[in-house]
*Asks:* 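Before I ask anything, let me first share the structure, which is written out below as structure tokens.
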Amino acid sequence: MTDGFFARVYAAVRRIPRGRVATYGQVALLLGVPRGARAVGWALRALRGRSAASVPWQRVVGAGGRISLRGVSGPFVQRKRLEAEGVRFVGGRIDLARYGLQQGRRPRRPRQRR
DNA sequence: CCTATGACCGTGA
DNA sequence: CTCACGGCCATAG
């Protein structure tokens with residue numbers, strides 16, 4: 001179960017740099033499954049409380065830079081975690097052109113070095 | 001094997 | 001901008 005797709009998804013998510021985000025579609029693409037965005041979501045959903053601590057799941061967002069996670073505390077927790085990494089929300093959304101995987105500009109850091 | 005589900009995505013009204 | 005559809009993928013019954 002963890003030797004297959006799930007493990008791959010988690011591995012890919014772990015590769016997302018701190019302070020940046022990737023969309024479900026991008027993660028799927030990295031796995032070689034161009035249209036497996038939903039499958040990625042399924043894998044992350046399976047984390048629920050489990051080894052979520054070892055996977056920076058908060059760095060995966062929807063293609064529109066919006067949090068896809070649904071629920072009551074879920075969305076809030078994810079946002080809080082991302083903001084703690086320096087990811088800024090504008091109008092409930094994240095500027096992917098700025099915080100995306102390897103986009104041009106450099107993301108802001110929570111702790112600037114003087 | 002077949003149907004249902006979901007932390008998706010793009011398109012069109 | 002919001003809402004509805006259809007398509008896609010891996011898993012769970």
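Letters A, B, ... mirror the listed sequences (proteins, then strands); counts begin at 1.
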*Asks:* Rounded to the Å, how far apart are Phe5(A) CZ and dA12(C) C1'?
*Replies:* 16 Å
*Asks:* Are any side-chain N or O atoms of Tyr10(A) and backbone N or O atoms of Ala43(A), one a donor and one an acceptor, separated by less than 3.5 Å?
*Replies:* yes
*Asks:* Identify which nucleotide among dC8(C), dA7(B), dC8(B) has an atom closest to any side-chain atom of Leu69(A), counting heavy atoms from C-beta outward.
*Replies:* dA7(B)
*Asks:* Of all the nucleotides listed (dA7(B), dC1(C), dT11(C)), which has the minimum atom distance to the side chain of Leu44(A)?
*Replies:* dA7(B)
*Asks:* Please test Val90(A) against Asp95(A) for side chain to side chain contact (heavy atoms under 4.5 Å, CB included), starting from the C-alpha separation and ending with a verdict.
*Replies:* CA-CA 8 Å; Val90(A) 178; Asp95(A) 183 358; over 6 Å; no
*Asks:* Quick check: closest heavy atoms across Leu69(A) and Tyr24(A), and the distance to 0.1 Å?
*Replies:* N-OH, 4.5 Å
*Asks:* Is the phosphate of dA7(B), meaning OP1 or OP2, less than 4.0 Å from a side-chain N or O of Arg45(A)?
*Replies:* yes
*Asks:* From C-beta outward on Trp42(A), which listed nucleotide comes closest to its side chain: dC8(C), dA7(B), dT11(C)?
*Replies:* dT11(C)
*Asks:* Between atom CD in Gln26(A) and atom C1' in dC8(C), what is the gap in whole Å?
*Replies:* 17 Å
*Asks:* Rounding to a whole Å, what distance do you find between Leu82(A):CG and dA7(B):C1'?
*Replies:* 13 Å
*Asks:* Which whole-number value in Å describes the distance from Gln58(A) CD to dA7(B) P?
*Replies:* 17 Å
*Asks:* Mind listing the closest non-hydrogen atom pair of Arg93(A) and Arg66(A) along with its distance?
*Replies:* CG-CG, 3.7 Å
*Asks:* Using whole Å, what does the distance between atom P of nucleotide dC3(C) and atom CZ of Arg66(A) come to?
*Replies:* 11 Å
*Asks:* Can you measure Tyr10(A) atom OH to dT11(C) atom P for me and round it to whole angstrom units?
*Replies:* 10 Å
*Asks:* Which nucleotide in the set dT11(C), dC9(B), dC9(C) lies at the smallest distance from any side-chain heavy atom of Ala39(A)?
*Replies:* dC9(C)
*Asks:* Where the side chain of Phe6(A) is defined as all heavy atoms beyond and including C-beta, which of dT11(C), dG10(B), dA7(B) is the nearest nucleotide?
*Replies:* dT11(C)
*Asks:* Of Arg93(A) and Arg38(A), whose closest DNA chain C nucleotide lies nearer the 5' terminus?
*Replies:* Arg93(A)
*Asks:* Can you tell me how far apart CD (Glu85(A)) and CZ (Arg59(A)) are? Round to the nearest 0.5 Å.
*Replies:* 4.0 Å
*Asks:* Using whole Å, what does the distance between atom P of nucleotide dT5(B) and atom OH of Tyr24(A) come to?
*Replies:* 20 Å
*Asks:* What is the distance from CZ of Arg59(A) to C1' of dA7(B), rounded to the nearest Å?
*Replies:* 17 Å
